[in-house]
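Notes for the one structure printed next.
Throughout, a chain's letter reflects where its sequence line sits, starting with A, and its residues are numbered from 1.
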Protein chains: 4
Amino acid sequence: KDRARLLIKCPDKQGIVAAVSTFLHEQGANIVASNQYTVDPEGGQFFMRLEFEIKGLSEQVGQLKEKFQIVAEHMDMEWRIAMMSELKNVAIFVSKEPHCLLELLWEWQSGDLLANIKVVISNHETAREMVEAVGIPFYHIPVTKEQKKEAEEKQNQILKKYDIELIILARYMQILSPHFVEKYESKIINIHHSFLPAFIGAKPYERAYDRGVKMIGATSHYVTNDLDEGPIIEQDIDRVNHEQDAADLKKIGQSIERRVLARAVKWHLEDRILVHGNKTIIFE
Amino acid sequence: KDRARLLIKCPDKQGIVAAVSTFLHEQGANIVASNQYTVDPEGGQFFMRLEFEIKGLSEQVGQLKEKFQIVAEHMDMEWRIAMMSELKNVAIFVSKEPHCLLELLWEWQSGDLLANIKVVISNHETAREMVEAVGIPFYHIPVTKEQKKEAEEKQNQILKKYDIELIILARYMQILSPHFVEKYESKIINIHHSFLPAFIGAKPYERAYDRGVKMIGATSHYVTNDLDEGPIIEQDIDRVNHEQDAADLKKIGQSIERRVLARAVKWHLEDRILVHGNKTIIFE
Amino acid sequence: KDRARLLIKCPDKQGIVAAVSTFLHEQGANIVASNQYTVDPEGGQFFMRLEFEIKGLSEQVGQLKEKFQIVAEHMDMEWRIAMMSELKNVAIFVSKEPHCLLELLWEWQSGDLLANIKVVISNHETAREMVEAVGIPFYHIPVTKEQKKEAEEKQNQILKKYDIELIILARYMQILSPHFVEKYESKIINIHHSFLPAFIGAKPYERAYDRGVKMIGATSHYVTNDLDEGPIIEQDIDRVNHEQDAADLKKIGQSIERRVLARAVKWHLEDRILVHGNKTIIFE
Amino acid sequence: KDRARLLIKCPDKQGIVAAVSTFLHEQGANIVASNQYTVDPEGGQFFMRLEFEIKGLSEQVGQLKEKFQIVAEHMDMEWRIAMMSELKNVAIFVSKEPHCLLELLWEWQSGDLLANIKVVISNHETAREMVEAVGIPFYHIPVTKEQKKEAEEKQNQILKKYDIELIILARYMQILSPHFVEKYESKIINIHHSFLPAFIGAKPYERAYDRGVKMIGATSHYVTNDLDEGPIIEQDIDRVNHEQDAADLKKIGQSIERRVLARAVKWHLEDRILVHGNKTIIFE
């Protein structure tokens, strides 16, 4: 189609909306949706997301970008324009637990997750069958302490080969090296099996059980080199009670993880997320 | 302060956002928040809400309105500009059950409900003490079939006297006459004690109990002359189970009613609601 | 294992709990879980669910039942004892939309749905592949007005062949005949795509959209011959807003349907549901 | 009335339910509600809550307790029998923020909180007027580092004078001394303004804002001498987004605190909570 999304981040000042909307109007655009947010109206940061339609846009999006660059420079903007018809290339990393992977594959098959899932990479063979059954290439790359670097090099080659724009850690139980993470800033989404910042680190369900909490949760966030400290995209919780033991919490938690990760991934794919420091601005 | 809200409703076409934002920019405005919605991008209806700030606006808002009228006519807009510092004049109608009234008074006292609550009108004496305790005039106007007309005339005089812009039916158990309702289109908010359209009409908790539902709810809506059929503003629910009888459901329901009505009223007071046919567009 | 569930329904009177627990104690049982409910302590109906363990129970459950019958007669009980190791035989009926079927198959594969899914019956071919892929027999039995009776006879033969104890209508878009329904009282679970009793009947999402509701839901209930009026087992809802059209509501609704049906089915499989008139008592 | 609650905690073994229910049957009791829980069926701890009715119980509850002591000793039970007609004596501690106190007073006035609220104690004068307005004695006891001991002695005298059985810390911003806390084991309920164990300690809303969480919560727990580490009774959360600043989170959080504390207090007053180590077993 001829629809695109424009995302903008710049220092707040008067006239931004006027400049952008006038520009789009002059290009013959119909603005279909628009969201904006200012951290602090006095000298703060301004964020904007627009969906617009221009007849014949797909053939001339290059020119549009060139023209917009002039407006953008004037306003000191970081920006991007993404055609809605161009799906993002996605890689999924998984270890042994398949529930998050399965949820993503399912939603992808039913047309609810608009992405090109190009490849699944795992440090185990467990998920091979279910991945190949839906026609997606599966790579088994074992990771040990000793050859972590080599493993990441192999992963990188695959990511380059498929021109990957988003990496989803769907319960991938390895810590990525700082070097790797830096290459994919705001492009790696992880699902953590706790209601962060509660139970940072390992074995959150066991610790939630030990603490006797009445709700457990899951958190989806962008990966940074501060473990479990990256910008939070989405969280959700479910009630539990004294009758549930740690194994029950884990089961319940898996269903929370599925929906939290799926939501975060969709928002990313629809260009609804802007990162500001250690926080996310989400234009739902 | 110098902040205002602009609400717009017009046929969708290209250039609306550009025209409005350019106009505001020319007036020296900083757009602080902006939301829009189009029912159907092809020939549908366009809705917009903007919050903006102009230095010295409070002294010159009249001129601003005059100038904007030219833009508005051009685009065939229905619109209004409301200063954020000018609170709306509100009347609350109540019968015997005070829980919704109390919630509103409480939030008003704590500064969470930004309105001028000018008057409480009731067909019973029950609420007099709690209303007068917080310094709001209370009028007892009994309503019977025979003298409903006279009662509504009295109510109307009071509403005029206090220049009322919003009527809240906080569990007011009388049906207003069509004549009365027409005068206050989209300006009367009711709380219905069921999850509409389930259990339209009387005794919803008893009927919910008889049906064995597992969730009960409440619905806040604008009053029209189709009973319980006006545009829905907000709904919420709580879980119930077999152990709760009709009296329990009523108790649980009252707490839902409190929060649903309070939310709906706040959105109205913040000019977040636009009515389109029998639906509401809510810019949260 | 040696665990079983005892379900009891009888007129309330003094001494029921004492009689049942003394009986179980005498048989060497350890009571692991116990729930009870009385509709009305004065002359009402009494309901109870116990989980208990007796060493070697699996070899002697027949004798236990015979002995308990004496207690039961004395107290005028309807009752049943179900070994926890004996999974129920289940048939799933489906039409074209596969989301509820898929959820059930998935949870069954991951070990979360403890049942023998013996067969899937459909009036369309759509689901054949996904059913046969997991090794479950699939029967395509077309249904038209003219040959509905013949179709139901075929269905019945299959149900008998597999000794089916629970039928799940996982979005099966045919109305079963009264004759069929009577044979499976409290043994057919349906998922209705609305928050009953709102939007009884056809096209609930379209009607929810037209009414402008702010929440949509789904309802799982036992099938009776009053269409959409059977005892409600479970309901759930999600928020929607003005931006979602009828097609969006349908998508959101499907995810509600999946979880509501799965929960209802699990409670039935774990003998947690007792039917009382048109209501369910659920011992969670 | 003639209803009472029996609470039991003892090592699990066969025959407990039989012994208790047979005893109650012999006393002419009708068991109205019953819940039980075993931490581990093999040699774990057993917990039980029964509601029962015996004609004329109010005159003979002393004898009943004496008789039950024999059963209890046999089974090594900790137990208590509480008449439902005997309301617990409650003291509320508050500092400056009145929202939790107000919620409790309100529910108490409307008959939803069945307790004798005997006294409100505060280290500030802020709440005096609203407390005395409903006829409850208010004591202002300032607390400083230097005279904390003296302050607690005064508090203690008041608590003894009114024979207080439950202390509610309704946003009381002082840490009680170990000596004080020990005297009221499982009898002091606190509301913490975060979703524990996230944001233990001071300024949780500010820290939640800084971390960019998408949900904030509140936690009600029994007070122990490990700050914010006592057994959790209830938790709840609400969604937040990037548009809300720390002050907004605080506002939203206050409404969560109100409902979480009120629920926890009700469960305690209805003898629904049993403490097991650092966890609560709640028979809802």
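Taking 4.5 Å as the limit, every side-chain heavy atom of A:M84 sits out of range of all side-chain heavy atoms of A:K1. Under the 4.5 Å side-chain criterion, counting only non-hydrogen atoms from C-beta, A:H221 is in contact with A:H192.
Taking A:V20, A:L24, A:V17 one by one and counting their heavy-atom pairs under 4.5 Å with chain B, the maximum is reached by A:V17. For chain A, the option among B:A19, B:G28, B:S21 with the highest count of heavy-atom pairs below 4.5 Å is B:S21. With chain A as partner, the option from B:K13, B:M48, B:H25 having the largest number of non-hydrogen pairs under 4.5 angstrom is B:H25.
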ask   = Given the rule in the side-chain contact (heavy atoms from CB on, under 4.5 Å) test, do B:Q36 and B:I16 qualify, once you have shown the distances and angles that lead to the verdict?
value = CA-CA 11 Å; B:Q36 64 170 73; B:I16 303 172; over 6 Å; no
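To the nearest 0.5 Å, atoms CD (A:E257) and CD1 (A:I216) are separated by 8.5 Å.
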